[in-house]
Amino acid sequence: MSLRRTIPAASALLLAAALLSPPAVTAAPVSALAAPDISLANVQAHLNDLQTIANNNGGNRAHGRPGYLASINHLKAKLDAAGYQTAVQQFTYNGVAGYNLTADWPGGDPNDVLMLGGHLDSVTSGPGINDNGSGSAGLLEVALTVSRQAFAPRKHIRFGWWGAEELGLIGSNHYVNNLPTTERSKIKAYLNFDMIGSPNPGYFVYSASGQPTGSLLLQQTLQAAFSVPTELTSVGGRSDHAAFARAGIPVGGTFTGAEVIKTAAQAQKWGGTAGVAFDRCYHRSCDTLTNINATALDRNSDAIAYALWTLAGEGGTPPGPRFENQTDVAIPDLTTVESPITVTGVSGNAPAALAVGVDITHTFRGDLVIDVVAPDGTAFRVKTSSNDSADNVVTTYTVNASGEVANGTWKLRVQDVASADVGRINGWSLQF
């Protein structure tokens with residue numbers, strides 16, 4: 001959770017004086033589908049991975065530090081393997097590169113997007129396993145469960161992991177502010193999960209009071225996800241939902257508490273220790289694997305799944321087959337190279353929204369021109385050269401290939417059209 005807006009009096013107002021929800025939620029606002037039980041062991045394994053990444057990279061996973069980029073790459077690899085269309089968005093803050101990771105599950109209504117997210121960075125003082133490895137790991141395991149169950153929702157599902165949250169919500173602000181208006185309007189709801197495994201936990205749900213129209217449904221859905229009483233809290237602008245709320249997108253989320261002290265009434269309701277912070281290691285070096293309450297982590301991970309399955313619905317078109325080529329292809333200076341994928345077993349033509357995932361390392365991506373070439377030789381231009389001086393191309397393009405037969409050999413054609421920079425194709429994919 002962000003370092004900003006952490007004045008003790010304001011923080012106390014946020015949580016200690018939070019509005020109480022009814023002792024029990026009488027009914028879910030929507031009939032829940034059979035949401036899966038998320039494996040606590042799997043979520044804990046993801047936390048182990050994040051701890052190892054921090055251990056191997058100076059003890060943290062902060063913006064601009066190698067541990068953060070290693071965290072991005074680790075999650076991206078798991079999501080790519082599960083069939084997600086991932087994209088890494090780069091931004092610059094304090095003179096160094098930061099990164100957001102988004103992952104789209106193929107299928108669902110592209111004009112009705114349900115988005116779930118949380119920040120992936122830690123503070124510099126520690127590995128950030130509760131803040132916010134916990135939310136990141138819970139979201140990752142829910143995303144992987146969507147893939148394992150081949151969930152076919154009516155809505156389109158997108159996950160996001162944000163960078164530089166601890167420096168003032170930089171990554172999520174960059175993402176929302178740079179969305180074209182038409183794309184922003186497609187996001188109908190955003191759910192945020194930041195610190196969901198606090199060692200002396202509370203069970204807080206973001207209040208819909210003062211939020212965009214539609215947030216009440218999200219609040220009620222999250223309340224209904226828990227078997228224990230919840231309290232409503234106004235987290236204010238302290239986490240990544242804030243940018244979405246300012247854009248008029250309905251928001252919700254869960255939270256197990258930070259530096260604020262648990263009251264006697266809260267301890268009686270939830271257990272734990274009164275007079276002690278929900279997270280005594282908030283923004284400290286001791287925010288490690290030992291700083292997690294497994295019960296809270298399990299309940300909140302299940303709540304993420306409950307909300308997703310309830311709000312996204314089912315009955316959409318299942319994702320089609322995915323084909324990939326992970327063989328490295330060097331891109332010498334002023335050269336054109338190709339990487340093939342042979343598609344078999346797909347009846348009829350390619351879809352009108354053929355997703356082309358591209359992972360290219362390059363020292364000046366503005367030099368690159370990229371085409372997707374269909375089996376009959378028709379080329380679809382997805383990127384032109386430009387003055388973009390950033391490096392690498394890690395994103396997903398969509399092309400209307402409905403006039404092309406699906407089966408056959410497709411090619412990714414990459415042209416380096418200016419001198420002095422080189423790179424390589426790390427891999428690419430086609431999602432039908």
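Please read these numbers as outputs of a predicted model, since none were measured by experiment. Just so it is clear, the values below take in all heavy atoms, side chains as well, and ignore hydrogens, waters and symmetry mates.
- Taking the side chain as every heavy atom from C-beta outward, Asn48 and Leu289 approach each other to under 4.5 Å.
- Of all heavy-atom pairs between Asp240 and Gly118, the closest is OD2-C, 4.2 Å.
- Distance check: Leu50 CG to Leu120 CG gives 6.5 Å after rounding to the nearest 0.5 Å.
- Ion pair Arg148/Glu141 flagged as a salt bridge, since at least one NZ, NE, NH1 or NH2 atom sits closer than 4.0 Å to an Asp/Glu carboxylate oxygen.
- The backbone N or O of Ala307 lies less than 3.5 Å from no partner atom in the side chain of Thr310, so there is not a single donor-acceptor pair.
- Although no hydrogens or angles enter the test, the distance criterion places no donor-acceptor pair under 3.5 Å between the side chain of Asp371 and the main chain of Val382.
- Side-chain contact between Leu139 and Ile304: present, with at least one pair of heavy atoms (C-beta onward) separated by less than 4.5 Å.
- Contact check on Arg280 versus Glu259 returns no salt bridge, with no Lys/Arg side-chain nitrogen under 4.0 Å from an Asp/Glu carboxylate oxygen.
- Arg61 contributes a side-chain N or O that, together with a main-chain N or O of Gly128, makes up a donor-acceptor pair within less than 3.5 Å.
- A distance-only check finds a donor-acceptor pair linking the side chain of Asn132 to the backbone of Phe193 [under 3.5 Å].
- We find the CG-OG1 distance between Asn426 and Thr361 to be 3.5 Å, quoted to the nearest 0.5 Å.
- Below 30°, between 30° and 60°, or above 60°: for Phe380 and Trp410 the angle between ring planes is below 30°, a parallel geometry.
- Residues His74 and Asp49 have side chains that bring a donor and an acceptor to within less than 3.5 angstrom of each other.
- Side chain to side chain, Ser198 and Asn130 meet the donor-acceptor criterion of an N or O pair below 3.5 Å.
- With contacts defined as side-chain heavy-atom distances shorter than 4.5 Å, the pair Leu368/Val393 qualifies.
- Side-chain contact between Ile170 and Glu165: absent, with no pair of heavy atoms (C-beta onward) separated by less than 4.5 Å.
- Side chains of Glu166 and His283: a donor-acceptor N/O pair is present below 3.5 angstrom, by distance only.
- A pairwise comparison of heavy atoms in Gly237 and Ala242 identifies CA-CB, 4.0 Å as the closest pair.
- Proximity of the aromatic rings of Trp309 and Phe151 is defined here by a centroid distance below 6.0 angstrom, and this criterion is met.
- Thr92 places no side-chain N or O within donor-acceptor distance of the main-chain N or O of Gly95, the cut-off being under 3.5 Å.
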Show your working on side-chain hydrogen bond (donor to acceptor under 3.5 Å, both in side chains) between Ser122 and Asn60 and close with a plain yes or no. CA-CA 6 Å; Ser122 73; Asn60 66 65; 4.7 Å; no
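- Not less than 6.0 angstrom separates the ring centroid of Phe204 from the ring centroid of Phe226.
- Side chains of Asn291 and Arg284: a donor-acceptor N/O pair is absent below 3.5 angstrom, by distance only.
- Of all heavy-atom pairs spanning Ala305 and Pro36, the tightest one is CB-O, 4.0 Å.
- At least one side-chain heavy atom of Lys76 sits under 4.5 Å from a side-chain heavy atom of Val88.
- Here CG of Asp37 is found 6.5 Å from CG of Asp298. Values are rounded to the nearest 0.5 Å.
- You'll find the side chain of Val176 reaches within 4.5 Å of the side chain of Arg184, heavy atoms only.
- The shortest heavy-atom contact between Pro127 and Ser285 is CD-O, 3.8 Å.
- Side-chain N or O atoms of Thr256 include one that pairs as donor or acceptor with a backbone N or O of Met195 at under 3.5 Å.
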With side chain to side chain contact (heavy atoms under 4.5 Å, CB included) as the criterion, how do Arg322 and Tyr84 come out once you've worked through the C-alpha distance, each side chain's angles and the decisive distance to 0.1 Å? CA-CA 10 Å; Arg322 183 173 185 269; Tyr84 279 83; over 6 Å; no
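- Side-chain atoms of Thr263 come within 3.5 Å of backbone N or O of Gln266 as a donor-acceptor pair.
- Atoms CG and OH, on Asn173 and Tyr93 in that order, are 10.5 Å from each other to the nearest 0.5 Å.
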Working for side-chain hydrogen bond (donor to acceptor under 3.5 Å, both in side chains), residues Asn400 and Ser402: CA-CA 6 Å; Asn400 183 351; Ser402 58; 2.8 Å; yes
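- Going from atom CD1 of Ile425 over to atom CD1 of Ile370 covers 8.0 Å, rounded to the nearest 0.5 Å.
- Side-chain contact check for Tyr397 versus Gln85: every heavy-atom pair is 4.5 Å or farther apart.
- Side chain to side chain, Thr344 and Asn407 fail the donor-acceptor criterion of an N or O pair below 3.5 Å.
- Checking His63 against Asn94 by side-chain atom types alone, no donor-acceptor pair falls below 3.5 Å.
- The minimum heavy-atom distance linking Phe255 with Tyr206 is given by the pair CB-CE1, 4.1 Å.
- Counting only N and O atoms by type, the side chains of Thr288 and Thr290 include a donor and acceptor under 3.5 Å apart.
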Side chain to side chain contact (heavy atoms under 4.5 Å, CB included), that's the test. Do Asp287 and Tyr282 meet it? Break it down for me. CA-CA 7 Å; Asp287 188 8; Tyr282 176 66; over 6 Å; no
Side chain to side chain contact (heavy atoms under 4.5 Å, CB included) evaluation trace for Thr221 with Tyr306: CA-CA 8 Å; Thr221 302; Tyr306 178 93; 4.0 Å; yes
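- By the 4.5 Å heavy-atom criterion applied to side chains, Leu191 and Val251 are not counted as neighbours.
- For the salt bridge (charged side-chain N to carboxylate O under 4.0 Å, His left out) criterion with Asp112, the lone passing option out of Lys186, Lys155, Arg158 is Lys155.
- Of the N and O atoms on the side chains of Gln211 and Gln219, not one donor lies less than 3.5 Å from an acceptor on the other residue.
- Ring centers of His241 and Tyr190: at least 6.0 Å apart, outside the cut-off.
- Rounded to the nearest 0.5 angstrom, Asn178 CG and Glu183 CD are separated by 13.0 Å.
- Between the side chain of Asn325 and the main chain of Pro340, a donor-acceptor pair closer than 3.5 Å is present.
- Between the side chain of Lys383 and the backbone N or O of Arg365 there is at least one donor-acceptor pair closer than 3.5 Å.
- Asn192 and Ser239 are linked by a side-chain donor-acceptor pair at a separation below 3.5 angstrom, with hydrogens and angles left out of the test.
- A donor atom on one side chain and an acceptor atom on the other are not found under 3.5 Å apart for Asn100 and His174.
- Closest of all the heavy-atom pairs between Leu47 and Ala137 is CD2-CB, 3.8 Å.
- Of the N and O atoms on the side chains of Ser339 and Trp428, at least one donor lies less than 3.5 Å from an acceptor on the other residue.
- The backbone N or O of Ala82 sits less than 3.5 Å from a side-chain atom of Ser147, completing a donor-acceptor pair.
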Pair Val356, Thr398 - check side chain to side chain contact (heavy atoms under 4.5 Å, CB included), show working. CA-CA 6 Å; Val356 182; Thr398 301; over 6 Å; no
